[in-house]
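Worksheet: one structure, shown below.
Read the numbers this way: they start at 1 and go in the same order the structure lists the ligands and their atoms. We count residues from 1, following the sequence as given.
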Amino acid sequence: MLAVMALPFVGSVCAQDMPKPEAKRINGYTPMWWKEAVVYQVYPRSFKDSNGDGIGDLPGITSKLDYLKELGVDVIWLSPHYDSPNADNGYDIRDYRKVMKEFGTMADFDALLAGVKQRHMKLIIDLVVNHTSDEHQWFVESRKSKDNSYREYYFWRDGKGPEGNQQPNNYPSFFSGSAWQYDPATKQYYLHYFAVKQPDLNWDNPKVRAEVYDLMKFWLDKGVDGFRMDVIPLISKPAGLPDLTSEQLKDVGKAYANGPHMHEYLQEMNRNVMSKYDVMTVGEALGISLEETPLMVGDDRHELNMIFNFDAVRINRDGRQWKSWTLPELKAIYARHARELDVHSWDTVFLSNHDNPRLVSSFGDDSTQYRVASAKLIETMLLTLRGTTFIYQGDELGMTNYPFKGIGDYDDIEAKNGYKADVETGKVSEAAYLDNLRHMSRDNARTPMQWDGSANGGFTTGKPWLTVNPNYKEINAAEEVEDKQSIYNYTKAMIALRHATPVLVYGSYEDLDPMNPSIFAYTRSLGIDRYLVVLNFSGNPVTYKIPGGLKPTKLLITNLGSKEVDTSTLHLKPWEARVYWYPSAASAGMPRGGSIAPGEEGAMTKVLKCRDVGMDCSFEARGNSEEEIMAQAAEHARKDHGMEKIPTEIATAVKAAIRDE
Ligand code: TEU
Ligand code: CA
């Protein structure tokens, strides 16, 4: 990728025509920009409101691009921005080529995209094509009559039973109730895996697939850099739609996923669309096991670049029921990922998004005493594990779950449908339902972004569509950006370390102590380099003996100011995180100096990209000292930019970049 990244950036289309130089593999991996990227997810409804209507919008996001650039993220994932009646907050699309009116206009979208590119970041959008809104023209036509030319765009079936008033089969919806809705207009049922207003598209119909490929090209031709694909494993339905067995009903996601033509359709999509653009694709892979993952992301499969597996993010629940988990269980999941996904199957690293409760509340400790330390520890983990890291808006501030009270506080259709189905029918007590919901509701992640201490956290000057977390006075971006010791600045430093350290991207992973109940200690190794990450995942101090008597020599970053090095006994405070470097035994005494070839980076190697100092050029300098890099930069400036002397402000920026300041 470093090679790929070096290409001057002129929009995704042209990059395709240029034959890709066979990039030198790093630790067996083919370098790719999307493997080295840190992705930041924006949930537009809750990010920033620019016109006081209480709803976040695209101009609001554009106004905060410098904030994201400063954080150091490379790619923005924009949750759905398309025209929608918002039955499921945009995941029910009425028009794929139109911007949701609450979010703004197409011109606002173009301005956002341009702003992202100007800052040398990339933008991927949400592709929601397992289903549409029932207000989409295709469905409006389809439900008109049985012989309407759009009828086969969806799944229509006669009801069962003598009166034909029983659902065609026992398929449940993910949002409670049956997945079938009777439509009196044509006296048939249509299938909806999610809400009644989200009818599933019939991908077995080639017209439907062609429609999808066209709308994807529409956005890619605008310069969008890729897609996050919503519940993409569900697009190929079980042949004949037979009833689910009682076993299958225990894991409906698995039963609905990986249908007979899923791989065929993803390969067709890749052939028709992705292969023609320099883009990133990440599939939201509900129902896909780790073992099945290489078939979707293997670099010889020509399907997707990576997927979101649900094993880690869902470690804290059994179906919809909240449950406790242990650190060895979490470590076992990452060990399995390292075992199942080799150099040809890239991975994702995430523990939060708009469908899950807040990161620090679920995986850390959101008490006043430990919120900051534990939030930093989790960011340390997410930015040093193997795979593309995804950060969800507000996690860089340590935003917490919301103190929801009654069902009236919630907006999410999944929460409200569940209440109707479980509480109003007396199946579950209100108290039990609400207690569980408080822990796992998606709305915990959807409360508005907390920008400052002003009214409504500076999210809006109007009445926010969902109440802002009352702790915004303590937790907000303005405070965090100012405070050098903040979660924001720590995350920024971690992202800079990952950017400057290919080992943390392509290095091999090894868990040194899988059964330790409170310490997560693992290494990332590449060439002569070893990085040791030590995380105290508990509220108790721990004196930790590093397995193998390892004595790491350089402490690169820590969240609680420790200076402890050259010892194999670490005195760790509660929720303390440390990232160490130490040379592989073999490398002790390696010669220093001279410019470093790609893949031969050493521990102290610094990589300076002209882009990091705002120059639109692909030059990169590598060196083990500031002098080395400055010398190369001066040479480059003279030879390629005709600058006898590097202008001061650039020299300052270069130094700052070299020092990760
Ligand atoms: O989510 C699919 C999914 O996994 C969740 O719906 C999940 O089953 C549920 O939230 C459990 O808590 C995707 C989108 O991310 C989600 O926002 C949409 O609601 C859903 O698909 C339908 O588009
Ligand atoms: Ca608005």
Side-chain angles (χ1 to χ4, degrees), residues 41 43-63 77 79-82 84 86-93 99-105 108 126-133 172-176 179 192-201 228-235 251-254 256-257 282-288 307-310 313-314 316-322 350 352-357 362 390 392 410-415 417-418 436-437 439-446 448-449 456 459-465:
Q41 179 191 0
Y43 191 72
R45 202 173 183 79
S46 304
F47 196 66
K48 179 66 176 136
D49 174 21
S50 68
N51 62 353
D53 65 354
I55 298 175
D57 47 52
L58 301 186
I61 301 170
T62 305
S63 73
W77 154 24
S79 271
H81 63 285
Y82 316 89
S84 166
N86 284 303
D88 186 18
N89 289 359
Y91 282 90
D92 50 315
I93 298 173
V99 171
M100 186 192 296
K101 71 180 179 319
E102 294 99 321
F103 291 172
T105 63
D108 293 327
D126 220 305
L127 183 72
V128 186
V129 288
N130 171 71
H131 45 266
T132 68
S133 164
S173 159
F174 287 107
F175 292 162
S176 303
H192 61 88
Y193 278 171
F194 292 91
V196 167
K197 286 182 70 57
Q198 289 171 301
D200 281 57
L201 280 169
R228 175 266 187 191
M229 300 188 183
D230 191 60
V231 286
I232 202 71
L234 309 188
I235 58 178
D251 184 348
V252 172
K254 189 167 177 38
Y256 288 167
V282 52
E284 186 211 19
L286 183 66
I288 294 292
I307 63 172
F308 295 131
N309 293 94
F310 281 58
V313 73
R314 290 265 165 107
N316 48 25
R317 70 183 79 181
D318 189 354
R320 274 187 225 289
Q321 190 50 47
W322 189 250
F350 75 104
S352 61
N353 59 28
H354 63 293
D355 286 339
N356 289 282
S362 303
F390 288 76
Y392 178 65
Y410 292 90
D411 163 83
D412 179 14
I413 186 170
E414 184 176 27
N417 280 13
N436 186 56
L437 199 57
H439 279 101
M440 59 159 284
S441 173
R442 311 192 296 179
D443 279 344
N444 281 307
R446 300 173 180 190
M449 188 70 172
N456 294 312
F459 164 72
T460 179
T461 54
K463 182 177 177 320
W465 72 276

Legend entry - Minimum-distance N/O/S atom that D49 presents toward the Ca ion (ligand 2): OD1
Legend entry - Residue pair D126 / Q41, side-chain heavy-atom distance below 4.5 Å: no
Legend entry - Contact summary for D57 and F103, nearest pair of heavy atoms: CB-O, 3.4 Å
Legend entry - Minimum-distance protein heavy atom relative to atom 11 (C) of ligand 1: E414 OE2, 3.1 Å
Legend entry - G60 backbone or side-chain N/O/S under 3.0 Å from the Ca ion (ligand 2): no
Inset, instruction - Classify the angle between the aromatic ring planes of H354 and Y392 as parallel (below 30°), tilted (30 to 60°) or perpendicular (above 60°). - result: tilted
Inset, instruction - Could you tell me whether the side chain of F194 reaches within less than 4.5 Å of the side chain of V231, counting heavy atoms only? - result: yes
Inset, instruction - Name the closest protein heavy atom to atom 14 (C) of ligand 1, giving the residue it belongs to and the distance to 0.1 Å. - result: D230 OD1, 3.0 Å
Inset, instruction - Looking only at non-hydrogen atoms, find the nearest pair between G462 and N456 and report the distance. - result: O-ND2, 3.3 Å
Inset, instruction - Note the single closest protein heavy atom to atom 7 (C) of ligand 1, along with its residue, its atom name and the distance in Å. - result: R314 NH2, 3.4 Å
Inset, instruction - Could you pull out the closest heavy-atom pair between A285 and P233, with the gap in Å? - result: CA-CG, 3.5 Å
Legend entry - Shortest protein contact, atom 20 (C) of ligand 1 (heavy atom only): F194 CE2, 3.7 Å
Legend entry - 4.0 Å heavy-atom contact, H131 with ligand 1: yes
Legend entry - Protein heavy atom at shortest distance from atom 19 (O) of ligand 1: D88 OD2, 2.5 Å
Legend entry - Per-atom contacts of ligand 1 with L286, taking only distances under 4.0 Å to non-hydrogen atoms: 4 (O)
Legend entry - Close side-chain approach of I288 to I307, heavy-atom, < 4.5 Å: yes
Legend entry - N, O or S from D57 under 3.0 Å to the Ca ion (ligand 2): yes
Inset, instruction - Using a strict 4.0 Å cut-off to heavy atoms of H354, name the atoms of ligand 1 that fall inside it. - result: 14 (C), 15 (O), 16 (C), 17 (O)
Legend entry - Numbered atoms of ligand 1 (with element) below 4.0 Å of R317, judged on heavy atoms: 12 (O)
Legend entry - Any F310 heavy atom less than 4.0 Å from ligand 1: yes
Legend entry - R446 neighbourhood, listing ligand 1 atoms whose heavy-atom distance to it stays under 4.0 Å: 17 (O)
Inset, instruction - Among all protein heavy atoms, pick out the one at the shortest distance from atom 5 (C) of ligand 1; state its residue, atom name and that distance to 0.1 Å. - result: D355 OD2, 3.9 Å
Legend entry - Residue of the set I235, I93, D230 for which side chain to side chain contact (heavy atoms under 4.5 Å, CB included) holds with H131: D230
Inset, instruction - Pick one of side chain, backbone, both or neither for how M440 approaches ligand 1, counting any non-hydrogen atom pair under 4.0 Å. - result: neither
Inset, instruction - Round to 10° and report the angle made at the Ca ion (ligand 2) by OD1 of N51 and OD1 of D53. - result: 80°
Legend entry - Student check: side-chain heavy atoms of W465 and R446 closer than 4.5 Å: yes
Inset, instruction - Output the list of atoms in ligand 1 that are nearer than 4.0 Å to some heavy atom of F175, sorted by atom number. - result: 19 (O)
Inset, instruction - Compare R228, E284, R442, R320 and give the one whose heavy atom is closest to atom 6 (O) of ligand 1. - result: R442
Inset, instruction - Please check if any side-chain donor atom of N316 sits under 3.5 Å from a side-chain acceptor atom of W322, or the reverse. - result: no
